[in-house]
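Only one structure is covered here, and it is reproduced in the block below.
The residues of the chain are indexed from 1 along the displayed sequence.
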Amino acid sequence: MKKDIIIIGGGVIGLMCAYCLQKSGRTITIIDKNNLTDGASFGNAGLLSAFKKAPLSNPGVVLDTLKLMIKGQSPVNIHPSLDLHLYKWLYKFAASATQERLKRTLALFERYGELSLNIYKDMLENDGMDFYFKEDGLLLVYTEEKTFNEKLQIYKNTHNVEILSKEKTKEYMPIINDKVIGSFLLKENGHLDPAEFVVELKKYLEKNNVEFLLNEEVTKLEFENNEISKIYTSKSSYSAQTYILSTGFDDTLAKQAQNRFLMTPAKGYSITFTMQEEQKPKTCALFADLFIAMTPRRDTVRMTSKLEIGSTNPNIVQKQINSIHKNLSLYTEDFKKENIEEWAGFRPLTINDMPIIGFDKTYKNLVYATGLGWLGITFAPAIGKIINDLITINKKNETNIDILLFSSFYQG
C-alpha cells in the first residue's frame, strides 16, 4: 500500500516536519537507520540562539580561527583530504563571511527564531510536553580584552542585551576565574534539553499515529518519470506520495538524485556531567573566544565544543576531549565533574548558515530538509512549519516566501 509521506531521517528536523504535517492531517512514516538516541539532535548543547548572536559564517572568522590555532586553543581542526568538494566548501565559506551576508543572516535568524520559540511554547502549553525549556538568555563570556571591546561597540546600545562586568559575570558563572574580562547577556535566547525533547516529541508523535521504522537504513531511491517511485531499505521497500530527505550530514541519498550540495560534515563533541549545584551556570553560556558552550540541564551540565572538518571518523578522539577540558580550565577555578558521559557526532554545515530546504529541482515528490549545522534545535520548529506549508499549501518552491528567504537554494 502506498504511504502518504515518508520522512527519511529521525533527527530533530525530521521529527518537527512530522509534527507539523500530522497536525495538518497528513499520515507520516519516519525511517531512521538508528534508534534516534545517538545523533547530533540528541547530543548537542540545546542552545536556542537566534537573537543577536553572530553565526559561524561571519567577518573575521577565518583570521580569528588562525589566531587561536597559533595559541593552541582553536576549536576548529581541518583534516587533509583528497576530496576537492571540501576545498570548494572552504573557499565558498570564507567568501560568504561578509558584513552584507551577516546583516541578512541576522535578520533571517530573528524571523525564524521567533517562529520557533512560539512553536516550542505551544508544544509545552497545548501538547503537554516537558523538555526543560528555558527562555533565560545566552551569556557570551569573553576571555580576550580585544574581542570583548569589539563586541562592546556592537552591543552597548542594543536592546535586550545586558553588559556584565567580571564580577556580575561570576554571579551567572560561579566557576570563572579572574582571567575572564566580562560578558554580554543576550536576553531573548534560551535553551532546552535536546535528549528530553527528542524523547517527548517521539512519544507525542507515536500517540498521534506517526509510524516509526527504526534501525532500518534507506539504501536506494528508485526514480520514474521525474519522481521517486520507490525506496529500498535494509529490510524492505516502500512507496509514498511524498518523500522528505532529512538525513543531516549524510548526503548519500541526495547524490542518487544527482545533487551534491555545498555542505560538509562537521564533527563536534559534548561532555555531560554532574557538578555541585552552587557551581552550575545560571543560564546557558558560551565562552565566545574558545567556542566552548556550557548548558545547565535538569540534573546535569553539558559542555560542547570543537568543529572537525574533513573527518569521517565517528569515534571519540580523546585528544579533542582533553583539549576542551584544558582550554576551559585556563579561565575557571577548579571544579569537580562527576558521572561524565562523552559524545561525538556530525553536523551538516552549509557555506552560509542557510538550510537546504525545498523541493528537488528534478524529482517533484522529493523535498529536502537539512543543513542546519549546530542550529538544528534553534530552527527545527520553523523548518517543520515551512516544510508543512510547502507540501500542503504552496506545492512548489517559487510560491513559498519562506523558501525564497531562508533556503540555500535561493540564498547562495
Output a table of donor-acceptor pairs, distance under 3.5 Å, between side-chain atoms of residues 368-378 and any protein atom two or more places apart or on a different chain; print 'none' if there are none.
from   : atom 1 : to     : atom 2 : distance (Å)
Tyr368 : OH     : Asn259 : ND2    : 2.9
Tyr368 : OH     : Asp360 : OD1    : 2.8
Thr370 : OG1    : Gly248 : N      : 3.4
Thr370 : OG1    : Gly248 : O      : 2.9
Thr378 : OG1    : Leu47  : O      : 3.0
Thr378 : OG1    : Ser49  : N      : 3.2

Residue list, ring pair (Phe, Tyr, Trp, His ring centres under 6.0 Å) with Tyr155, at least two apart or on another chain: Phe184
Note: Lys280-Glu278 ion pair, threshold 4.0 Å (strictly below): no
Arg104 and Asp353 ion-paired at < 4.0 Å: no
Donor-acceptor pair, side chain of Ser116 and main chain of Gly113, under 3.5 angstrom: no
Residue pair Tyr120 / Leu48, side-chain heavy-atom distance below 4.5 Å: yes
Donor-acceptor contact present, side-chain Lys267 to main-chain Asn315, <3.5 Å: yes
Modelled atom types, side-chain donor and acceptor of Gln153 and Lys156, under 3.5 Å: yes
Tyr331 ring center near Phe287 ring center (under 6.0 Å): no
Asn394 side chain to Lys396 backbone, donor-acceptor under 3.5 Å: no
Shortest non-hydrogen separation from Ile244 to Cys17 and the atoms involved: CD1-CB, 4.5 Å
Parallel, tilted or perpendicular: ring planes of Phe335 versus Phe273, cut at 30 and 60 degrees: tilted
Results of salt bridge (charged side-chain N to carboxylate O under 4.0 Å, His left out) for Lys179 - residues two or more places apart only: none
Selection residues 306-328 - residue pairs positive for ring pair (Phe, Tyr, Trp, His ring centres under 6.0 Å), sequence neighbours left out: none
Short side-chain to backbone donor-acceptor contact, Asn34 and Leu36, under 3.5 Å: no
Donor + acceptor pair across side chains of Glu200, Tyr132 (<3.5 Å): no
For Lys23, all residues meeting side-chain contact (heavy atoms from CB on, under 4.5 Å), sequence neighbours excluded: Tyr19, Asp127, Tyr204
Main-chain N/O of Thr143 paired to Asp289 side chain as donor or acceptor, under 3.5 Å: yes
Distance-only side-chain donor-acceptor flag, Asn339 / Thr274, under 3.5 Å: yes
Residues that Thr283 engages under side-chain contact (heavy atoms from CB on, under 4.5 Å), provided they are two or more places apart: Asp136, Leu139, Tyr172, Leu185, His191
Heavy-atom donor-acceptor pair, Asp193 side chain to Phe131 backbone, under 3.5 Å: no
Sequence neighbours excluded, every pair satisfying salt bridge (charged side-chain N to carboxylate O under 4.0 Å, His left out) that has a member inside residues 41-51: none
N-O pairing of Glu216 and Lys33 below 4.0 Å: no
Thr300 and Arg297: side chain donor to acceptor below 3.5 Å: yes
Set of residues satisfying ring pair (Phe, Tyr, Trp, His ring centres under 6.0 Å) with respect to Phe109, sequence neighbours excluded: Phe379
Sequence-distant partners of Glu171, side-chain contact (heavy atoms from CB on, under 4.5 Å), two or more places apart: Lys168
Pairs meeting criterion salt bridge (charged side-chain N to carboxylate O under 4.0 Å, His left out) with involvement of residues 6-21, two or more places apart: none
Salt-bridge present (Glu211, Lys3; N to O < 4.0 Å): yes
Salt bridge Glu167-Lys170, side-chain N to carboxylate O under 4.0 Å: no
Test ring pair (Phe, Tyr, Trp, His ring centres under 6.0 Å) applied to Phe249 - qualifying residues, sequence neighbours left out: Phe346
Salt bridge present between Lys52 and Glu110 (N-O < 4.0 angstrom): yes
Over 12 foreign heavy atoms within 6.0 Å of NZ, Lys282: yes
Lys/Arg N to Asp/Glu carboxylate O, Lys146 vs Glu150, below 4.0 Å: yes
Presence of salt bridge, Arg111 and Asp402, under 4.0 angstrom: yes
Donor + acceptor pair across side chains of Asn177, Thr332 (<3.5 Å): no
Expected output: side-chain Thr98 to main-chain Arg101 donor-acceptor under 3.5 Å: yes
Residues forming a side-chain contact (heavy atoms from CB on, under 4.5 Å) with Tyr87, sequence neighbours excluded: Ser81, Leu90
Nearest-0.5 Å distance, CG of residue Leu405 to CG of residue Asn400: 9.0 Å
